[in-house]
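Predicted, not measured: the structure shown is a model, and the values here were computed from it. Just the heavy atoms: all of them, side chains too, but no hydrogens, waters or symmetry mates, feed the values below. Numbered from 1 within each chain, the chains take letters A, B, ... in sequence-line order.
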Protein chains: 4
Amino acid sequence: MSRGNTRQRIQDVALELFAEQGYEKTSLREIAEQLGVTKAALYYHFKTKEDLVSSIFQDLAVGPVDELIAWAEENRPTTLETKLEILRRYSARLSQSASVFRFMHENQAALRELSIGDQMKSRIFSLLNLIKDSDAPLADQVRCASALFTMHSTLFVLEGAAGGPDEKRKAALEVAEELVTSAHHGGDA
Amino acid sequence: MSRGNTRQRIQDVALELFAEQGYEKTSLREIAEQLGVTKAALYYHFKTKEDLVSSIFQDLAVGPVDELIAWAEENRPTTLETKLEILRRYSARLSQSASVFRFMHENQAALRELSIGDQMKSRIFSLLNLIKDSDAPLADQVRCASALFTMHSTLFVLEGAAGGPDEKRKAALEVAEELVTSAHHGGDA
Amino acid sequence: MSRGNTRQRIQDVALELFAEQGYEKTSLREIAEQLGVTKAALYYHFKTKEDLVSSIFQDLAVGPVDELIAWAEENRPTTLETKLEILRRYSARLSQSASVFRFMHENQAALRELSIGDQMKSRIFSLLNLIKDSDAPLADQVRCASALFTMHSTLFVLEGAAGGPDEKRKAALEVAEELVTSAHHGGDA
Amino acid sequence: MSRGNTRQRIQDVALELFAEQGYEKTSLREIAEQLGVTKAALYYHFKTKEDLVSSIFQDLAVGPVDELIAWAEENRPTTLETKLEILRRYSARLSQSASVFRFMHENQAALRELSIGDQMKSRIFSLLNLIKDSDAPLADQVRCASALFTMHSTLFVLEGAAGGPDEKRKAALEVAEELVTSAHHGGDA
DNA sequence: CATGAATGAGGATTCATTCAT
DNA sequence: CATGAATGAATCCTCATTCAT
């Protein structure tokens with residue numbers, strides 16, 4: 001039945017548990033139990049716990065974001081329209097891999113000393129630098145950072161408010177576009 | 001030698017380590033060692049590790065935010081000017097207790113199952129509800145949430161960018177005010 | 001209000017908790033808390049935890065049993081009637097200090113390495129030796145031991161059966177008398 | 001080196017130490033040390049300390065007694081001869097697993113809050129109910145309880161008296177039979 | 001591919017006890 | 001008489017990891 005897709009199944013279950021309970025609170029025993037295999041089996045597929053979590057990020061977050069960055073770099077110089085397209089594409093990535101990003105957001109302390117933490121951080125900085133202008137007034141830089149964070153946060157905030165996940169995503173994107181546009185104008189004017 | 005200020009010293013050192021390394025990665029042994037006391041001494045002052053972290057939040061975050069909420073509730077109905085004043089006061093609180101809020105932000109997964117996690121969450125929701133209008137369009141609600149998150153995030157993002165902490169705080173406040181104002185107008189128009 | 005009777009109050013509360021939860025499971029903190037005093041206060045009245053439990057036994061078990069043994073030794077040689085009187089008196093002691101004896105019975109392992117354990121053991125052996133005849137057949141010796149244990153056990157067994165505590169005590173005494181009488185006859189015949 | 005019998009070896013050493021020192025005074029460290037393994041090895045085989053002690057009881061006490069109860073229930077209605085046979089079989093079980101029963105007897109307080117405590121208690125009650133008649137006079141009920149306790153106690157009392165363990169066992173059985181017979185006649189007459 | 005068995009390091013917590021005030 | 005503050009030693013237990021089979 002399971003033919004070589006074990007690796008994938010481990011990642012799936014692990015992500016689910018990591019997102020639910022946090023990285024540190026989720027033990028390999030738990031993951032193995034939920035899969036119906038032995039802890040040792042996990043070690044056949046992944047060298048360490050860190051290796052497991054890294055592979056998840058690599059596939060679901062680092063890779064996609066790298067593609068986005070590559071695309072943006074091909075489209076230099078970065079016009080406002082390009083910036084807005086970055087936001088749109090990023091928003092799409094975000095909702096595709098919502099649980100990884102949620103996990104990242106809620107476990108920053110735990111991820112900080114994992115190499116993957118730095119990797120993600122540098123990607124997001126790259127993205128931010130594509131959107132904002134380093135010479136712009138501080139407030140404009142905040143606007144751009146805020147644009148990114150707004151899309152992140154909306155993934156798991158506003159539970160109370162009406163609207164399905166996709167409506168919320170669109171609203172967040174709208175606000176983000178507005179913020180970046182405003183920062184861009186700020187630079188222009 | 002120590003004159004009744006031990007409790008306070010424990011809280012200080014604990015917060016420092018919690019913020020630096022994360023809640024789960026910081027052991028009571030470490031805190032005790034840094035203080036030059038025994039683990040058991042910590043247990044004389046705090047019933048559990050959770051109790052310790054809770055007391056820190058209570059003093060530095062829950063208390064101050066409660067005061068702010070109380071003030072806001074005395075000034076009903078909430079005009080735009082009141083909302084902006086809430087932002088200003090919140091921004092001040094935030095920078096006074098920056099490390100607690102940073103800690104909170106980076107350890108959401110760990111705090112989730114601590115009672116203090118729920119407490120903080122409910123406070124922030126209260127604040128959000130004072131600022132936003134539940135009947136407003138979704139985008140406006142996102143604007144208000146974003147205003148809060150912007151002030152939070154700016155505490156520990158934009159390391160690269162120029163400007164001292166206070167300038168960043170002011171810039172964040174400016175953006176937050178803008179977002180809330182925009183959401184308010186949105187409701188009006 | 002409390003004038004020098006603190007010692008007594010400590011003993012009372014301690015016995016209650018020891019009997020309820022066992023010796024090892026009952027901490028001095030617990031005793032102090034229930035009394036509304038500090039652990040350190042207990043140490044003013046009793047040198048150690050062992051000292052506390054010993055004092056309780058001394059007052060409620062060792063002393064009374066010693067009196068009984070003294071009485072029996074004054075009434076040598078030990079006729080059957082004397083033996084039966086020993087049983088009656090012992091039965092009375094037992095129900096007066098039921099909780100100490102129950103505690104003793106259920107915590108033999110814990111008491112074994114406390115000096116008071118040996119003390120109690122030697123008292124009960126003395127009592128047994130007054131009742132049984134060392135030259136008698138083994139079965140008769142068992143009868144006499146059984147007589148004592150019957151009275152002990154009935155203190156906290158037969159919860160299901162009808163009858164108030166005093167009726168049970170009388171029934172136990174009756175059976176005990178029978179056993180000792182039978183052992184005595186056995187020696188005679 | 002060790003061939004799958006580790007689990008058994010742990011149980012053996014644990015029982016020995018539990019019986020010698022009591023449940024609470026015996027730490028897992030001690031058990032592990034005596035076996036020449038790590039504490040963690042114990043946890044591979046038994047989920048908790050309670051689980052370890054339970055497994056010992058299950059194998060050596062609960063199981064055998066359950067068989068005895070099952071046998072007795074097949075031989076309803078319970079004649080006097082059946083009752084005596086129960087005593088004989090129980091006596092045999094008792095001396096086969098003497099240390100478990102001794103341990104049980106001396107650690108009642110500790111076992112009380114372990115699920116295995118309740119289990120054993122209910123077994124002994126079942127046994128008692130097979131032997132005694134609930135409508136009989138209280139004294140007869142005491143006789144039957146006493147029969148059981150006599151066999152229990154003789155396992156570790158009467159150290160001073162002459163006779164090997166098997167002679168003591170037989171003497172105890174004799175007295176127990178007598179008590180139950182007497183209680184049975186009491187009901188008849 | 002995977003398991004069974006084990007380890008070493010470390011976690012939070014509890015306890016009896018002490019002593020200066 | 002009693003407390004507040006602290007200690008040292010021990011407790012049970014969990015975890016990531018390893019390795020022979």
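A:T38 approaches A:A32 most closely through the heavy-atom pair C-CB, 3.7 Å.
Every side-chain contact (heavy atoms from CB on, under 4.5 Å) that B:D51 has, sequence neighbours left out, goes to B:F46, B:K47, B:T48. Every residue two or more places apart in sequence or in another chain that forms a side-chain contact (heavy atoms from CB on, under 4.5 Å) with A:L155 is listed here: A:L94, A:A98, A:F101. Judged as a side-chain contact (heavy atoms from CB on, under 4.5 Å), and not counting sequence neighbours, the contacts of D:E33 are D:R29. The side chain to side chain donor-acceptor pair (under 3.5 Å) search around D:D118 returns none, not counting sequence neighbours. Taking the side chain to side chain donor-acceptor pair (under 3.5 Å) definition, one finds that C:H105 meets it with nothing, sequence neighbours left out. Remark: C:D66 engages C:R123 in a salt bridge (Lys or Arg N to Asp or Glu O under 4.0 Å) (not counting sequence neighbours).
In this structure, OH of C:Y43 is placed 5 Å from C1' of E:dT17, rounded to the nearest angstrom. If you take CZ of D:F46 and C1' of E:dA6, they are 15 Å apart, rounded to a whole angstrom. In this structure, the CD atom of B:E33 is 9 Å from the P atom of E:dG11, given to the nearest Å.
Results of the side-chain hydrogen bond (donor to acceptor under 3.5 Å, both in side chains) test with B:Q8 over B:N5, B:T6, B:D12 single out B:D12 as the only residue that passes.
Direction change of the helix axis from one end of the helix from E:dA2-F:dT21 to E:dT21-F:dA2 to the other is 10°, with five pairs defining each end axis (rounded to 10°).
Distances shown here put a side-chain N or O of B:T6 below 4.0 Å from the OP1 or OP2 atom of F:dA6. Taking 4.0 angstrom as the limit, D:H45 places none of its side-chain polar atoms (N or O) nearer than this to OP1 or OP2 of E:dG4. For A:R29, a side-chain nitrogen or oxygen approaches OP1 or OP2 of F:dC15 to under 4.0 Å.
Across residues 17-28 of chain D, D:T26, D:S27, D:L28 each have a non-hydrogen atom less than 4.0 Å from an atom of DNA chain F (numbered order). Interface residues of residues 47-61 of chain B facing DNA chain E, ordered by number: B:T48, B:K49; criterion, heavy-atom separation under 4.0 Å.
Distance check, rounded to the nearest 0.5 Å: CD of D:E106 to CG of D:L111 gives 11.0 Å.
Within the 4.5 Å cutoff, the side chain of A:Q108 has no heavy atoms near those of the B:Q108 side chain. Counting only heavy atoms from C-beta outward, the side chains of B:I31 and B:F18 approach each other to under 4.5 Å.
Mapping D:E30 and A:E30 onto DNA chain F by nearest heavy atom places D:E30 closer to the 5' end of the strand.
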Would you mind writing out the side-chain donor-acceptor pairs for residues 20-28 of chain D within the sub-3.5 Å range, not counting sequence neighbours?
unit_1 : atom_1 : unit_2 : atom_2 : d
D:Q21  : OE1    : D:T26  : OG1    : 3.3
D:Q21  : NE2    : D:E30  : OE2    : 3.0
D:T26  : OG1    : D:L17  : O      : 3.3
D:T26  : OG1    : D:G22  : O      : 2.7
D:S27  : OG     : D:E30  : N      : 3.2

Scan the side chains in residues 53-65 of chain C for donor-acceptor partners under 3.5 Å anywhere in the protein, sequence neighbours excluded, and list what turns up.
unit_1 : atom_1 : unit_2 : atom_2 : d
C:S54  : OG     : C:E50  : O      : 3.0
C:S55  : OG     : C:Q11  : NE2    : 2.7
C:S55  : OG     : C:L52  : O      : 2.9

Enumerate the protein-to-nucleotides 7-9 of chain F contacts in which both atoms are nitrogen or oxygen and the separation is below 3.5 Å.
unit_1 : atom_1 : unit_2 : atom_2 : d
F:dT7  : OP2    : B:T38  : N      : 2.9
F:dT7  : OP2    : B:T38  : OG1    : 2.7
F:dT7  : O5'    : B:T38  : OG1    : 2.8

